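Working notes for the structure below.
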Amino acid sequence: MSGAFEAFRAFVQSLAAAGWLPPSLAYGFIVNALVAGLIVGPVLGSLGTLVVVKRHAFFSEAVGHAALTGVALGILVGEPYSGPYGALFGYCLLFGIALNYLRNRTGLSADTLIGVALSMSLALGASVLLVLAGKINIHILENVLFGSVLTVTGADIAILAVVGACVLALTFGFYNRFMLASFNAELAAVRGVPVKALDYLFVILVTVVTVASVKIIGAILVGALLVIPAAAARTVATSLRGFLRLSMLFATLSAIVGVIAPMELDIPVPSGAAIILTAGSLFLLAALARATLPRLRGQSA
Amino acid sequence: MSGPSVSFSGVGLVVGRTEILRGVSFDVAAGSLHAVVGPNGGGKSSLIRALLGRAPHSGEIAVDWPGAPGVVAYVPQTLDFDRGLPMTVLDELAAMTTRRPAFLRPSARDRDLILSALARVGMAEKADRLVGALSGGERQRALMAQALIPDPELLVLDEPMAALDEAGAQAFETLIGELKARGATVIWIEHDLAAVRRLADRVTGLNRSLLFDGAPGEELRPERLFDLFSHHPRPAASDGDVIALRRAGGAS
């Protein structure tokens, strides 16, 4: 697989050198980032539709922010600071699963509980970061927090590809059951859907895909790419089919533009910020389209 | 093909410190249309949740199938989703009744099943409407259609007529008749006592405990109903709890 990837990268670089593609794609690391973006876009875009249906937007943001603490903990225990995946996956999964467990047992509403857990997690992350400040160059963390096209390695892409394929397969395989479980738990149970198990599965899917996307989008902003494209699609789509397609399209487009535009236009912004700014612009355009085109509003109440 | 009999014996349910059901015992005969009536907060929906295995109840609920367990269908009062979701009626039913992701076109077979179920509730021409644009009655009809895929042997209905208009009520009555003719058992929570009296084979009055159980013609008499909808039903509430009779927010 890595051979095929190398060949693809050489092919893209040659096209860029010949002037068929934007010249920044002549750089190997930009092609890496682009490939990461092409994986991240469809996966986050499709899972995002379920995040919107299940009203898990705040949860997705919280898991992304938990990644900050995960990174800090990883570096503290001696993982490489370019990719502390052990602590990232470990801490974020613990965070997501614990949240779901507590929600089932405390009877608190999800937003209250997430508010509590998120603050605690950020406080822990900030504390650990201050401890680390004396030991490492803290600016390296900027890449992890906001994403950087410079740091996406072959290993990152391999992790992302495996995680993305698994998440996409599970998302599509259980799509209807996820929807039904969120519509009405009793009805789902009557129809043989394991509601509680699916709740945990969904939390795990959101968490692992968030963590795998951290390198390209950054811990602070990754949750946004789960929410914004789906929210934009939700405002202009007129069927579930359009909802999913547009969400995937918006997310992928944002990832591509976010990776290439800063290089082409020579703007010194991190890739994560550029991706989310693009997604945000698409959202504003979609909202504007809905406000001005009566056809988009016509049917819905 | 015929439906099961269902037997509730000594069913109790406590949520937090509130006793919602106490010592509820009655039988639902196989192939009958059995109505459950009572005030809001009287525990009707909780009884259904216990039956569906979604509430940790005491006592026993036995579903006795004539052969191998058949299809159980349930019609909830509402679904919980964002009304602005870009989802057509066809999408909604595909999500509830099929495995292929609902954003893909359903297979020809599934599509036929869904359209014929919609036709049976008088919604055939609304398959491509957005769910957010449906009236309350139409949403309830779509929920009924869901319960017909596949055809059930035990059907549990939670106030299916609450939002129905005249035409919807007609369609519902026809449908109930069809299911009964096929031998299905129907457990039907309802607040429209006239409809219960007209359609049901048997009726159970429930207000936290069992108030009556018998033929609708005999049980739905004025003095019975006075008890049923009274704030202080004869089986006294324990430790002075006030029974909630509010329309919303009760434990129904």
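The sequence lines fix the lettering, A, B, ..., with proteins before strands; numbering per chain opens at 1. Given the structure is predicted, the values throughout are model-derived calculations rather than measurements.
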Heavy-atom contact with chain B under 4.5 Å, split by part of [X]:
X: A/Arg55; result: side chain
X: A/Ala188; result: neither
X: A/Leu244; result: side chain

If you count every heavy atom of other residues, nucleotides or ligands that lies below 6.0 Å from [X] atom [atom1], does the total exceed 12?
X: A/Arg105; atom1: CZ; result: yes
X: B/Glu166; atom1: CD; result: no
X: B/Arg54; atom1: CZ; result: yes

Taking all non-hydrogen atoms of both residues into account, name the closest pair between B/Pro86 and A/Ala237 and its distance.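 Scanning both residues, the minimum pair turns out to be CB-O, 3.4 Å.
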So which atom in B/Pro101 and which in A/Phe172 form the shortest heavy-atom distance, rounded to 0.1 Å?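 Heavy atoms of B/Pro101 and A/Phe172 come nearest at CG-O, 3.2 Å.
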Gap between atom [atom2] of [Y] and atom [atom1] of [X] - 0.5 Å precision:
X: B/Thr98; Y: A/Arg177; atom1: OG1; atom2: CZ; result: 10.0 Å
X: B/Asp80; Y: A/Asn184; atom1: CG; atom2: CG; result: 8.0 Å
X: A/Arg191; Y: B/Ile149; atom1: CZ; atom2: CD1; result: 7.0 Å
X: A/Glu186; Y: B/Asp158; atom1: CD; atom2: CG; result: 9.0 Å

Partner of A/Ser239 by side-chain contact (heavy atoms from CB on, under 4.5 Å), out of B/Thr88, B/Asp128, B/Leu90: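 Single pass found, and it is B/Thr88.
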Does a side-chain heavy-atom distance below 4.5 Å link A/Arg241 with B/Arg105?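 In contact.
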Quick one: sort the B/Phe81 and A/Phe183 rings into parallel, tilted or perpendicular, breaks at 30° and 60°.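 Ring orientation, 0 to 90° scale: tilted.
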If we define contacts as heavy-atom pairs under 4.5 Å, which of B/Val131, B/Thr97, B/Leu104, B/Val156 has the most with chain A?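 It is B/Thr97.
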When you look at B/Gln146 and A/Leu187, which way does the side chain to side chain contact (heavy atoms under 4.5 Å, CB included) test go after all the steps? CA-CA 10 Å; B/Gln146 158 281 131; A/Leu187 179 56; 3.3 Å; yes
Please classify the contact of B/Leu52 with chain A as side chain, backbone, both or neither, using a heavy-atom distance under 4.5 Å.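 Side chain only.
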Would A/Asn176 and B/Arg99 satisfy side chain to side chain contact (heavy atoms under 4.5 Å, CB included), going step by step from the backbone distance to the final call? CA-CA 6 Å; A/Asn176 290 0; B/Arg99 283 286 158 90; 5.6 Å; no
